[in-house]
Each structure stands twice: as C-alpha cells, then as structure tokens.
Amino acid sequence: MKLTQGCFSYLPDLTDDQIYSQVQYCLANGWAVNIEFTDDPHPRNTYWEMWGLPMFDLQDAAGVMMELAECRRVYGDRYIRISGFDSSHGWESVRISFLVNRPPQEAEFELVRQEVAGRAIRYTTVRKAAQHAAT
C-alpha cells in the first residue's frame with residue numbers, strides 16, 4: 001500500500017529533477033527547506049528526525065539535493081520528506097511538504113472501530129503487523 005502524506009502523494013513518485021524544481025520553488029519564495037526521515041509514518045507522528053539543520057538563505061537547490069543524496073545513502077530504507085517553512089509574519093508555518101523516499105516495504109495501517117458507552121463509536125489508526133512471504 002502506498003502511503004499518502006503531503007503534496008503530490010497521489011501522483012507517481014517525484015524524480016530528482018522534479019524534486020529539484022520544487023525545492024527551487026521553495027527557495028524562490030524565501031522559505032527555509034529541511035529534510036526529515038522516519039521509520040514510523042503514522043499520520044499522528046508529526047515529529048520526524050531532522051537531517052541536519054533547516055537550510056536558510058540558500059539560492060540554489062543543489063545544496064539541498066546534495067544533503068538529500070547523503071540522507072538517502074544513510075537512511076535509504078526509511079521515509080524521507082522535504083518541507084518548505086515560510087517564516088513570514090502571518091504564516092510562520094510549513095507551506096509545502098512531500099515524500100522523496102520510501103522504504104522497499106511500505107508500512108500499512110488499518111482503521112479499528114471500538115464501541116464505547118452510549119453506543120458511541122471511536123476509531124483509531126493502527127499499524128498492521130508486517131507480513132512476511134513464506135520461504
């Protein structure tokens with residue numbers, strides 16, 4: 001199952017040229033760019049590990065792409081995303097975020113329903129146990 005988080009998640013995975021273009025767009029808008037990775041892509045896990053510090057004041061996306069290549073070399077078996085943070089007054093928030101790397105075996109989640117008092121129903125998202133192929 002393909003995890004869908006961030007911009008472009010329903011499109012085919014971005015090529016490096018497309019990633020470069022998106023990063024250049026972020027830089028052209030004056031946004032800080034950062035790279036993050038995780039092995040736990042649960043929708044409520046908003047605290048991914050940062051790869052280095054956010055990159056402020058860059059003019060060319062090549063610097064980000066070099067860091068991305070190194071992050072992929074070290075953590076190529078995990079999810080990696082790039083975010084563009086707009087620090088301008090009134091926004092001060094992430095404006096764009098998209099996956100740039102996926103592990104060979106994607107995480108799978110399922111929705112679990114629980115009946116509680118008053119016939120109310122609660123839902124939660126849980127990670128499915130990994131299914132290994134028979135040997």
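At most 12 heavy atoms of other shown residues, nucleotides or ligands fall within 6.0 angstrom of atom CD in Q59. For CG of L53, the number of neighbouring non-hydrogen atoms (other residues, nucleotides, ligands) closer than 6.0 Å is 12 at most.
Not counting sequence neighbours, the partners of P54 by the side-chain contact (heavy atoms from CB on, under 4.5 Å) test are N34, M50, F56. Residues meeting the side-chain contact (heavy atoms from CB on, under 4.5 Å) test with R119, sequence neighbours left out: none. Considering only residues two or more places apart in sequence or on other chains, E36 meets the salt bridge (Lys or Arg N to Asp or Glu O under 4.0 Å) condition with R81.
F98 and C7 make their closest contact through CB-O, 3.5 Å (heavy atoms, listed as atom of the first residue, atom of the second, distance). Taking all atoms of both residues into account, the shortest heavy-atom contact from S97 to S83 is OG-OG, 3.3 Å. Residues E67 and W51 come closest through the heavy atom pair OE1-NE1, 2.9 Å. A pairwise comparison of heavy atoms in A61 and L27 identifies N-CD1, 3.6 Å as the closest pair.
Screening residues 14-23 for side-chain hydrogen bond (donor to acceptor under 3.5 Å, both in side chains) gives T15-Q18, D16-R72, Y20-D60 as the qualifying pairs, with residues at least two apart or on separate chains.
Listed by chain and number, the hydrophobic cluster partners of F85 are V94, where partners are ILVMFWY side chains within reach of under 4.5 Å, directly or through others. The hydrophobic side chain of Y10 is isolated, with no ILVMFWY side chain under 4.5 Å apart from it.
Looking at N45, its side chain does come within 3.5 Å of a backbone N or O of D40 through a donor-acceptor pair.
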